[in-house]
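The structure presented is a predicted model; accordingly, all values stated were derived computationally and were not measured.
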Amino acid sequence: MWREVEVELVTSAPCPLTGWSGSVAYKTLLELIRREAEPKGKIFAHPLYRGDRPILSGVEGRAVVLEPMTQVKIRAVITEQDLFYLLSAVSKAEPTSSPCPMSPAALRFSPLELKLGEGHGFAVVKLRFYPTAFMFHGRDVLYPSPQRMAYSLAKAYKELFGVDIKPIADRAPTALEIVGMRTKAVRVNIGDSRLVPAFLGRAQLAVFGNVDAWLSLLKLGESVGVGISRAIGFGKYKIEEVVLHA
(Lines give C-alpha, C1' and ligand atoms only; values in the text may rest on other atoms or scores of the structure.)
Protein backbone atom coordinates (compact mmCIF):
# COMPACT_ATOMS: atom_id res chain seq x y z
CA MET A 1 0.00 0.00 0.00
CA TRP A 2 1.33 3.45 -0.96
CA ARG A 3 0.64 6.71 0.82
CA GLU A 4 0.80 10.35 -0.12
CA VAL A 5 2.46 12.33 2.66
CA GLU A 6 3.05 15.98 3.44
CA VAL A 7 5.53 16.89 6.17
CA GLU A 8 5.60 20.40 7.57
CA LEU A 9 8.99 21.54 8.84
CA VAL A 10 10.46 24.72 10.32
CA THR A 11 14.05 25.77 9.64
CA SER A 12 16.08 26.12 12.81
CA ALA A 13 19.02 27.98 11.22
CA PRO A 14 19.73 29.79 7.95
CA CYS A 15 19.35 27.30 5.11
CA PRO A 16 21.21 28.14 1.89
CA LEU A 17 19.78 26.29 -1.10
CA THR A 18 22.24 26.53 -3.98
CA GLY A 19 21.24 23.18 -5.49
CA TRP A 20 17.95 21.58 -6.42
CA SER A 21 15.49 21.67 -3.52
CA GLY A 22 14.15 18.24 -4.49
CA SER A 23 17.51 16.73 -3.59
CA VAL A 24 17.21 18.34 -0.14
CA ALA A 25 13.65 17.03 0.26
CA TYR A 26 14.71 13.50 -0.67
CA LYS A 27 17.72 13.51 1.68
CA THR A 28 15.59 14.91 4.51
CA LEU A 29 12.97 12.16 4.11
CA LEU A 30 15.70 9.51 4.03
CA GLU A 31 17.27 10.91 7.18
CA LEU A 32 13.95 10.94 9.05
CA ILE A 33 13.00 7.41 8.00
CA ARG A 34 16.47 6.01 8.73
CA ARG A 35 16.23 7.21 12.31
CA GLU A 36 13.85 4.28 12.76
CA ALA A 37 14.87 1.74 10.07
CA GLU A 38 16.09 1.43 6.51
CA PRO A 39 13.40 2.43 3.98
CA LYS A 40 11.36 -0.50 2.67
CA GLY A 41 10.40 0.95 -0.69
CA LYS A 42 11.00 3.60 -3.29
CA ILE A 43 10.45 7.26 -2.46
CA PHE A 44 8.85 9.66 -4.97
CA ALA A 45 9.68 13.09 -3.54
CA HIS A 46 8.59 16.55 -4.66
CA PRO A 47 10.74 19.68 -4.49
CA LEU A 48 10.51 21.65 -1.27
CA TYR A 49 7.44 23.86 -1.04
CA ARG A 50 7.13 27.24 0.62
CA GLY A 51 3.42 27.84 0.90
CA ASP A 52 1.94 26.19 -2.18
CA ARG A 53 4.82 27.07 -4.49
CA PRO A 54 7.79 24.79 -5.15
CA ILE A 55 11.23 26.22 -4.43
CA LEU A 56 13.09 26.14 -7.74
CA SER A 57 16.60 26.54 -6.32
CA GLY A 58 19.46 25.24 -8.42
CA VAL A 59 17.70 26.07 -11.69
CA GLU A 60 20.01 28.11 -13.92
CA GLY A 61 22.17 28.96 -10.91
CA ARG A 62 19.34 30.27 -8.76
CA ALA A 63 20.12 30.32 -5.03
CA VAL A 64 17.58 30.68 -2.21
CA VAL A 65 18.28 31.30 1.47
CA LEU A 66 15.61 30.21 3.93
CA GLU A 67 15.75 32.29 7.09
CA PRO A 68 15.34 30.68 10.52
CA MET A 69 11.72 29.84 11.41
CA THR A 70 10.70 29.53 7.75
CA GLN A 71 7.91 27.01 7.25
CA VAL A 72 8.41 24.55 4.39
CA LYS A 73 6.66 21.39 3.21
CA ILE A 74 7.91 18.11 1.83
CA ARG A 75 5.47 16.09 -0.26
CA ALA A 76 6.12 12.54 -1.37
CA VAL A 77 4.70 9.11 -2.10
CA ILE A 78 6.08 6.35 0.14
CA THR A 79 5.14 2.86 1.27
CA GLU A 80 2.87 2.29 4.24
CA GLN A 81 5.78 0.76 6.19
CA ASP A 82 7.96 3.81 5.58
CA LEU A 83 5.05 6.02 6.67
CA PHE A 84 5.11 4.18 10.02
CA TYR A 85 8.82 4.99 10.40
CA LEU A 86 8.26 8.58 9.32
CA LEU A 87 5.43 9.05 11.83
CA SER A 88 7.69 7.84 14.61
CA ALA A 89 10.52 10.17 13.57
CA VAL A 90 8.25 13.21 13.19
CA SER A 91 6.71 12.65 16.62
CA LYS A 92 10.14 13.21 18.20
CA ALA A 93 10.46 16.63 16.47
CA GLU A 94 14.26 16.47 16.41
CA PRO A 95 15.94 18.74 13.83
CA THR A 96 17.60 17.23 10.80
CA SER A 97 21.31 17.61 10.21
CA SER A 98 23.20 20.43 8.50
CA PRO A 99 23.53 22.19 6.11
CA CYS A 100 19.76 22.67 6.27
CA PRO A 101 18.53 21.81 9.77
CA MET A 102 14.76 21.60 9.93
CA SER A 103 12.45 20.46 12.70
CA PRO A 104 9.38 18.42 11.67
CA ALA A 105 6.19 20.01 12.99
CA ALA A 106 3.31 18.06 11.43
CA LEU A 107 2.56 15.17 9.11
CA ARG A 108 -0.50 14.51 6.98
CA PHE A 109 -1.10 11.44 4.84
CA SER A 110 -3.70 9.73 2.69
CA PRO A 111 -3.92 6.53 0.61
CA LEU A 112 -2.65 6.70 -2.95
CA GLU A 113 -5.55 5.19 -4.83
CA LEU A 114 -6.14 5.07 -8.54
CA LYS A 115 -8.93 3.45 -10.49
CA LEU A 116 -8.64 3.84 -14.22
CA GLY A 117 -11.88 5.27 -15.54
CA GLU A 118 -13.68 4.21 -18.68
CA GLY A 119 -15.19 7.09 -20.59
CA HIS A 120 -14.53 8.15 -24.14
CA GLY A 121 -14.47 11.63 -25.62
CA PHE A 122 -12.09 14.53 -26.12
CA ALA A 123 -10.38 16.89 -23.66
CA VAL A 124 -7.67 19.53 -23.47
CA VAL A 125 -5.54 19.53 -20.33
CA LYS A 126 -3.43 22.51 -19.30
CA LEU A 127 -0.26 21.45 -17.49
CA ARG A 128 2.45 23.41 -15.72
CA PHE A 129 5.77 21.57 -15.62
CA TYR A 130 8.53 22.06 -13.09
CA PRO A 131 12.02 20.72 -13.96
CA THR A 132 11.37 17.58 -16.02
CA ALA A 133 13.49 15.44 -18.32
CA PHE A 134 12.87 12.35 -20.40
CA MET A 135 15.39 9.98 -21.97
CA PHE A 136 15.09 8.13 -25.26
CA HIS A 137 17.86 5.61 -25.96
CA GLY A 138 20.40 7.70 -24.05
CA ARG A 139 19.29 11.02 -25.52
CA ASP A 140 17.67 13.87 -23.62
CA VAL A 141 14.07 14.71 -24.54
CA LEU A 142 13.54 18.25 -23.29
CA TYR A 143 9.90 18.91 -24.06
CA PRO A 144 6.63 17.32 -22.84
CA SER A 145 6.61 14.46 -25.32
CA PRO A 146 3.17 12.78 -25.11
CA GLN A 147 4.66 9.37 -25.90
CA ARG A 148 7.37 9.66 -23.25
CA MET A 149 4.77 10.84 -20.74
CA ALA A 150 2.49 7.90 -21.54
CA TYR A 151 5.20 5.28 -21.08
CA SER A 152 6.46 6.95 -17.92
CA LEU A 153 2.96 6.96 -16.42
CA ALA A 154 2.46 3.31 -17.39
CA LYS A 155 5.79 2.42 -15.75
CA ALA A 156 4.80 4.24 -12.56
CA TYR A 157 1.42 2.49 -12.51
CA LYS A 158 3.10 -0.90 -12.74
CA GLU A 159 5.64 0.01 -10.02
CA LEU A 160 2.92 1.14 -7.66
CA PHE A 161 0.03 -1.24 -8.36
CA GLY A 162 1.66 -4.20 -10.10
CA VAL A 163 -0.53 -3.95 -13.20
CA ASP A 164 0.93 -3.70 -16.71
CA ILE A 165 -0.96 -1.06 -18.71
CA LYS A 166 1.53 -0.80 -21.56
CA PRO A 167 -1.28 -1.48 -24.10
CA ILE A 168 -2.81 1.85 -23.02
CA ALA A 169 0.53 3.64 -23.39
CA ASP A 170 0.97 2.07 -26.84
CA ARG A 171 -2.10 4.05 -27.98
CA ALA A 172 -0.47 7.38 -27.12
CA PRO A 173 0.41 8.30 -30.75
CA THR A 174 -3.30 8.41 -31.64
CA ALA A 175 -4.62 9.49 -28.24
CA LEU A 176 -2.34 12.32 -27.07
CA GLU A 177 -1.00 15.43 -28.77
CA ILE A 178 0.63 18.64 -27.62
CA VAL A 179 -1.44 21.48 -29.11
CA GLY A 180 0.40 24.35 -27.48
CA MET A 181 3.38 24.89 -25.23
CA ARG A 182 5.67 27.51 -23.77
CA THR A 183 8.61 25.65 -22.31
CA LYS A 184 12.33 26.29 -22.04
CA ALA A 185 15.41 24.14 -21.54
CA VAL A 186 17.34 24.74 -18.31
CA ARG A 187 20.27 23.34 -16.37
CA VAL A 188 19.65 22.17 -12.82
CA ASN A 189 22.28 21.70 -10.15
CA ILE A 190 21.14 18.49 -8.43
CA GLY A 191 23.97 18.64 -5.89
CA ASP A 192 27.79 18.65 -5.78
CA SER A 193 27.72 21.01 -8.80
CA ARG A 194 26.27 18.29 -11.02
CA LEU A 195 24.35 20.11 -13.75
CA VAL A 196 21.68 18.16 -15.60
CA PRO A 197 19.41 19.29 -18.45
CA ALA A 198 15.65 19.66 -17.98
CA PHE A 199 12.72 21.73 -19.20
CA LEU A 200 9.97 23.67 -17.47
CA GLY A 201 6.95 25.71 -18.51
CA ARG A 202 3.37 25.17 -19.63
CA ALA A 203 1.75 22.93 -22.21
CA GLN A 204 -1.71 22.07 -23.51
CA LEU A 205 -2.29 18.37 -24.04
CA ALA A 206 -5.17 17.17 -26.21
CA VAL A 207 -6.57 13.80 -25.12
CA PHE A 208 -8.73 11.64 -27.38
CA GLY A 209 -10.35 8.26 -26.85
CA ASN A 210 -10.53 6.83 -23.33
CA VAL A 211 -10.33 10.25 -21.71
CA ASP A 212 -11.20 9.06 -18.20
CA ALA A 213 -8.28 6.59 -18.12
CA TRP A 214 -5.81 9.19 -19.36
CA LEU A 215 -7.03 11.78 -16.87
CA SER A 216 -6.63 9.24 -14.06
CA LEU A 217 -3.04 8.57 -15.16
CA LEU A 218 -2.27 12.28 -15.43
CA LYS A 219 -3.59 12.71 -11.89
CA LEU A 220 -1.20 9.97 -10.76
CA GLY A 221 1.63 11.85 -12.48
CA GLU A 222 0.90 14.89 -10.30
CA SER A 223 1.82 12.74 -7.29
CA VAL A 224 4.78 10.71 -8.55
CA GLY A 225 6.08 12.70 -11.52
CA VAL A 226 7.16 11.62 -14.97
CA GLY A 227 10.50 11.07 -16.65
CA ILE A 228 13.84 10.55 -14.94
CA SER A 229 15.03 11.37 -11.39
CA ARG A 230 11.54 11.28 -9.90
CA ALA A 231 12.97 10.31 -6.50
CA ILE A 232 14.50 13.78 -6.15
CA GLY A 233 11.50 15.73 -7.35
CA PHE A 234 12.03 15.90 -11.09
CA GLY A 235 9.06 15.45 -13.40
CA LYS A 236 6.51 17.20 -11.24
CA TYR A 237 3.66 19.05 -12.93
CA LYS A 238 0.37 20.62 -11.97
CA ILE A 239 -2.93 20.11 -13.79
CA GLU A 240 -4.18 23.67 -14.08
CA GLU A 241 -7.34 23.08 -16.11
CA VAL A 242 -9.27 20.31 -17.82
CA VAL A 243 -11.69 21.26 -20.59
CA LEU A 244 -13.99 18.45 -21.75
CA HIS A 245 -15.49 18.61 -25.23
CA ALA A 246 -18.56 16.81 -26.44
Kindly give the heavy-atom pair with the smallest separation between [X] and [Y], and that separation in Å.
X: L218; Y: Y237; value: O-OH, 2.7 Å
X: A206; Y: V179; value: CB-CG1, 3.8 Å
X: S21; Y: P47; value: OG-CB, 3.4 Å
X: M149; Y: F134; value: CG-CZ, 3.5 Å
X: L112; Y: F161; value: O-CE2, 3.8 Å
X: P104; Y: M102; value: CD-O, 3.7 Å

Would a distance-only check, ignoring hydrogens and angles, find a side-chain to backbone donor-acceptor pair under 3.5 Å from [X] to [Y]?
X: Y26; Y: I43; value: no
X: D164; Y: K166; value: yes
X: S88; Y: Y85; value: no
X: K115; Y: S216; value: no
X: S12; Y: S103; value: no
X: D82; Y: I33; value: no
X: S57; Y: T18; value: no
X: N210; Y: H120; value: no

Please report the interatomic distance [atom1]([X]) to [atom2]([Y]), rounded to the nearest 0.5 Å.
X: L244; Y: L215; atom1: CG; atom2: CG; answer: 6.5 Å
X: L29; Y: I232; atom1: CG; atom2: CD1; answer: 13.0 Å
X: I178; Y: L127; atom1: CD1; atom2: CG; answer: 7.0 Å
X: K40; Y: I78; atom1: NZ; atom2: CD1; answer: 13.5 Å
X: T132; Y: Y143; atom1: OG1; atom2: OH; answer: 14.0 Å
X: H46; Y: E222; atom1: NE2; atom2: CD; answer: 8.5 Å

If you apply the rule side chain to side chain contact (heavy atoms under 4.5 Å, CB included), what do you find for L66 with I55, and how did you get there?
CA-CA 10 Å; L66 302 178; I55 300 174; 4.1 Å; yes
Which word best sums up how the rings of F129 and F199 line up, parallel for under 30°, tilted for 30 to 60°, or perpendicular for over 60°?
tilted
Close side-chain approach of [X] to [Y], heavy-atom, < 4.5 Å:
X: V163; Y: L116; value: no
X: W214; Y: L205; value: no
X: T183; Y: P144; value: yes

Heavy-atom count check: over 12 atoms from other residues, nucleotides or ligands less than 6.0 Å from [X] [atom1]?
X: F208; atom1: CZ; value: no
X: E6; atom1: CD; value: yes
X: F109; atom1: CZ; value: no

Take E60 and K184, measure what salt bridge (charged side-chain N to carboxylate O under 4.0 Å, His left out) needs, and give me the verdict at the end.
CA-CA 11 Å; E60 294 295 313; K184 64 177 181 179; over 6 Å; no
Run R35 and E31 through salt bridge (charged side-chain N to carboxylate O under 4.0 Å, His left out) and show every step you take.
CA-CA 6 Å; R35 288 177 177 177; E31 179 180 341; 3.1 Å; yes
Is it true that D170 and Y151 share a donor-acceptor pair across their side chains at a distance under 3.5 Å?
yes
Are a donor atom and an acceptor atom from the side chains of S223 and E4 found within less than 3.5 Å of each other?
yes
Hey, mind stepping through K126 and E241 against salt bridge (charged side-chain N to carboxylate O under 4.0 Å, His left out) and telling me if it holds?
CA-CA 5 Å; K126 294 183 179 180; E241 185 180 14; 3.1 Å; yes
F44 and L160: side chain to side chain contact (heavy atoms under 4.5 Å, CB included), yes or no, with the steps?
CA-CA 11 Å; F44 300 88; L160 294 165; 3.8 Å; yes
Could you walk me through whether Y157 and I168 pass the side chain to side chain contact (heavy atoms under 4.5 Å, CB included) check?
CA-CA 11 Å; Y157 192 87; I168 294 179; over 6 Å; no
What do the steps show when you test V207 against L176 for side chain to side chain contact (heavy atoms under 4.5 Å, CB included), and what is the final call?
CA-CA 5 Å; V207 183; L176 305 177; 3.9 Å; yes
